[in-house]
There are 2 protein chains.
Amino acid sequence: MSERLGESVAAANKMNSAEQGAGAAELRAPESRDEILKAAIKLFANRGFHETSMAEVARAANVSKALIFWHFKTKEDLFMAVLNRLLEPYVIDFAEEAGALGEVAQIMQLVELYLMFVRDNASSIRFFVAQLMRGELASDALTGPVMQLYDGYRGLLVDLIGRAQAKDLCLKDFPAAAVARMLLSMLNGTLIEMLFAENADADVASAIAMIRQWLFGGRAGTAKDAPPEL
Amino acid sequence: MSERLGESVAAANKMNSAEQGAGAAELRAPESRDEILKAAIKLFANRGFHETSMAEVARAANVSKALIFWHFKTKEDLFMAVLNRLLEPYVIDFAEEAGALGEVAQIMQLVELYLMFVRDNASSIRFFVAQLMRGELASDALTGPVMQLYDGYRGLLVDLIGRAQAKDLCLKDFPAAAVARMLLSMLNGTLIEMLFAENADADVASAIAMIRQWLFGGRAGTAKDAPPEL
DNA sequence: TAATTCCCTAACCATCCGGTCAATGAACCA
DNA sequence: TGGTTCATTGACCGGATGGTTAGGGAATTA
C-alpha cells in the first residue's frame with residue numbers, strides 16, 4: 001500500500017501545481033470545498049488519517065460523501081490538500097524579520113519567533129510531529145517543506161552565532177554549528193514541553209531568559225537590547 | 001470507543017498482574033504467542049494501531065488469524081500486551097545507579113543514562129512518542145507508566161541541582177526547578193534530534209559536553225569527576 | 001426555450017476488517 | 001482405548017469503508 005500512497009502523493013503534488021497554474025478548481029465551488037477542508041483539518045488533526053472516515057468528514061462538513069469525492073479524487077488527495085492548507089502559515093521569511101539589529105538581538109528574535117510560532121500553532125504542530133514520527137503518509141510532501149524550513153532556520157542561526165562568536169558577544173567554547181544545534185535542541189525540547197503540558201505562556205518567558213543567559217551569559221555590552229515582550 | 005478502550009486497558013492490566021501471580025497463560029503456548037507478539041510489535045511500531053490489521057499480524061507471525069484471537073481476546077488486548085512488552089526495559093531504578101558520588105557526577109550520570117537509554121531504545125521510543133502525541137489509544141496505560149518514570153527522573157534532577165546550587169557547584173542564576181526543566185528540554189530536544197536523524201553517537205558526546213559546560217561551566221573544583229565514556 | 005455546465009445527492013458496490021465458530025490433530029490422562 | 005484438554009485452523013459473518021454511478025436541480029449560455 002505504501003507504494004500506491006507514494007504514487008498518489010507525487011500525483012497529487014503535480015496536480016496541485018497544475019491547478020495553481022490554471023487556477024481552475026480553486027474557484028469553482030469554493031464554499032463547500034472550504035467547508036470540507038475545515039472539517040477534514042479538524043478530524044485529521046485529532047484522529048489521524050486512517051482513523052478518520054470520509055463519512056465522518058462528510059457529516060462534519062454537512063455535505064454528502066460523494067461531494068467530497070467530487071472535490072478531491074481520493075482520500076489521499078484530501079489529505080494532501082489539508083497538508084498544504086496547514087503548511088501555509090509555516091512559510092515565514094526569517095531574513096525579512098531582522099532589520100539592522102545586532103547579532104545578539106537577531107538571535108534572540110529568532111528564538112522568540114520560534115517559540116511564539118509554536119505557541120500560536122500548537123495544534124497543527126502536534127499534528128505534523130505525529131505525522132512525521134511514523135512514516136505514515138506523505139513522507140515526501142511533509143518532510144520536504146518542513147525540513148526545508150527547519151534547515152533554513154538552522155542555517156540562519158549558525159551564521160548569526162558564528163558572527164556573534166567572532167565579535168566575542170556569545171558563548172565561544174564550542175563551534176557555531178554545535179551551539180546552534182544545542183540551541184535548536186533547547187527550542188525543540190521546550191516545544192514538546194509546550195505541546196504536552198498546556199501551560200504555554202509561563203514557561204516561554206523563563207525559557208527565553210535561560211537561553212539568553214546561556215548564550216550571552218556574563219558577557220557585557222549586550223544589555224542594550226531590551227527583551228521584547230511576548 | 002475511547003471509553004471501551006479505557007476499560008480494556010484497566011482490565012488488561014489487572015489480568016496481567018493476576019497472570020503473573022498464577023503463572024498461567026504465560027506458559028501455555030509460549031512459542032506461538034511470542035511469535036505473534038514479536039510480529040505485532042514490529043507492525044504496530046512502524047504502521048500504528050489502526051493501520052495494522054490482524055490478518056497482517058497473522059501473516060507476519062506465520063499463524064492463522066484465529067490463533068491470535070485465541071491468545072488475545074481482542075485487538076486492543078494484543079496492543080496492550082505489546083505495550084507491556086515494550087515497557088519492560090523502561091523500568092530503571094535511577095536512585096540505585098549513583099552510589100556515593102558528588103552531586104555533579106550524579107547529575108552527569110543521570111544525563112548520560114538518559115541519552116544512552118534513548119540511543120539504545122530509539123525505535124520503541126519513537127513508537128511511544130507517536131502514540132503519546134495523539135491521544136489515540138491507551139492514554140492511561142501509556143501516560144501512566146511513562147509519566148511516572150519521567151516525573152521520578154525530574155524529581156531526582158531538581159533535588160540534585162538544588163543541592164549542587166547550595167554548594168555553589170552549578171549554575172545559580174535560576175531556581176533549581178527551572179534549571180531542571182531546561183535541562184530536560186535540552187535532553188528531550190537531543191532526543192528528538194536522535195530520533196529523526198540516525199547519526200546517534202557522534203552528537204551524544206557533544207551534547208553531554210555542552211550540557212556540562214552549561215551547568216558547571218567556569219566553576220572550579222568539579223574537574224575531579226572524569227567524564228565516563230559511553 | 002433548449003442545451004450545457006456546475007454542484008450536489010441517495011443509493012449502491014466491492015473489499016476489507018475485527019471477531020466467531022465448528023472442527024481437528026496432538027498430547028496427556030484414565 | 002477412550003475421553004479430555006490444548007493449540008490451531010479454514011470458513012464464515014456483519015459491519016464499515018473507500019469509492020462509483022446515475023441522476024437531479026439550478027444557473028449559465030445560445
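Convention: sequence-line order gives letters A, B, ...; per-chain numbering from 1. Atom set for the values below is all heavy atoms of this structure, side chains included, hydrogens, waters and symmetry mates excluded.
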Checklist entry - Nearest of D/dT17, D/dG10, D/dG19 to any side-chain atom of A/Thr74? => result D/dG19

Figure out the [atom1]/[atom2] separation between [X] and [N], and round it to whole Å.
X: B/Arg33; N: D/dT8; atom1: CZ; atom2: P; result: 12 Å
X: A/Glu31; N: C/dC7; atom1: CD; atom2: P; result: 12 Å
X: B/Phe49; N: C/dC17; atom1: CZ; atom2: P; result: 13 Å
X: B/Lys75; N: D/dA16; atom1: NZ; atom2: P; result: 16 Å
X: A/Arg47; N: D/dT17; atom1: CZ; atom2: P; result: 9 Å
X: B/Phe69; N: C/dC21; atom1: CZ; atom2: C1'; result: 13 Å
X: B/Glu76; N: C/dG19; atom1: CD; atom2: P; result: 6 Å
X: B/Ile36; N: D/dT8; atom1: CD1; atom2: C1'; result: 10 Å

Item to check | Partners meeting side-chain contact (heavy atoms from CB on, under 4.5 Å) with B/Lys75 (sequence neighbours left out) | outcome: B/Phe44, B/Phe49, B/Met54

Next on the checklist: Can you see if the side chain of B/Ser32 gets near the phosphate of D/dT8 - specifically, an N or O under 4.0 Å from OP1 or OP2?
Outcome noted: yes

Checklist entry - Closer than 4.0 Å, any side-chain N/O of A/His71 to the OP1 or OP2 of C/dC7? => result no

Next on the checklist: Looking at B/Asp159 and B/Gly155, would you say the former's side chain and the latter's main chain have a donor-acceptor pair under 3.5 Å?
Outcome noted: no

Next on the checklist: Let me check the geometry of the helix from C/dT1-D/dA30 to C/dC29-D/dG2. What is the bend angle between the axes at its two ends, five pairs each, to 10°?
Outcome noted: 10°

Checklist entry - So which heavy atom on A/Asp77 is nearest to which on A/Phe72, and how close? => result CB-CB, 4.1 Å

Checklist entry - Closest approach of A/Ala60 and A/Ala39, non-hydrogen atoms and distance? => result CB-CB, 3.9 Å

Checklist entry - Is B/Ser64 touching bases, backbone alone, or none of the nucleic acid, heavy atoms closer than 4.0 Å? => result base

Item to check | Note: A/Arg85-A/Asp34 ion pair, threshold 4.0 Å (strictly below) | outcome: yes

Checklist entry - Does the base of D/dG10 carry an N or O that pairs as donor and acceptor with the side chain of B/Lys65 under 3.5 Å? => result no

Next on the checklist: Nearest heavy atom decides the nucleotide; on that basis, is A/Glu56 or A/Ala66 closer to the 5' end of DNA chain D?
Outcome noted: A/Glu56

Checklist outcome for this item: Output for pair (A/Arg181 CZ, A/Arg154 CZ), nearest 0.5 Å, gives 8.5 Å

Next on the checklist: Return the CZ to OG distance between B/Arg59 and B/Ser53, rounded to the nearest 0.5 Å.
Outcome noted: 6.5 Å

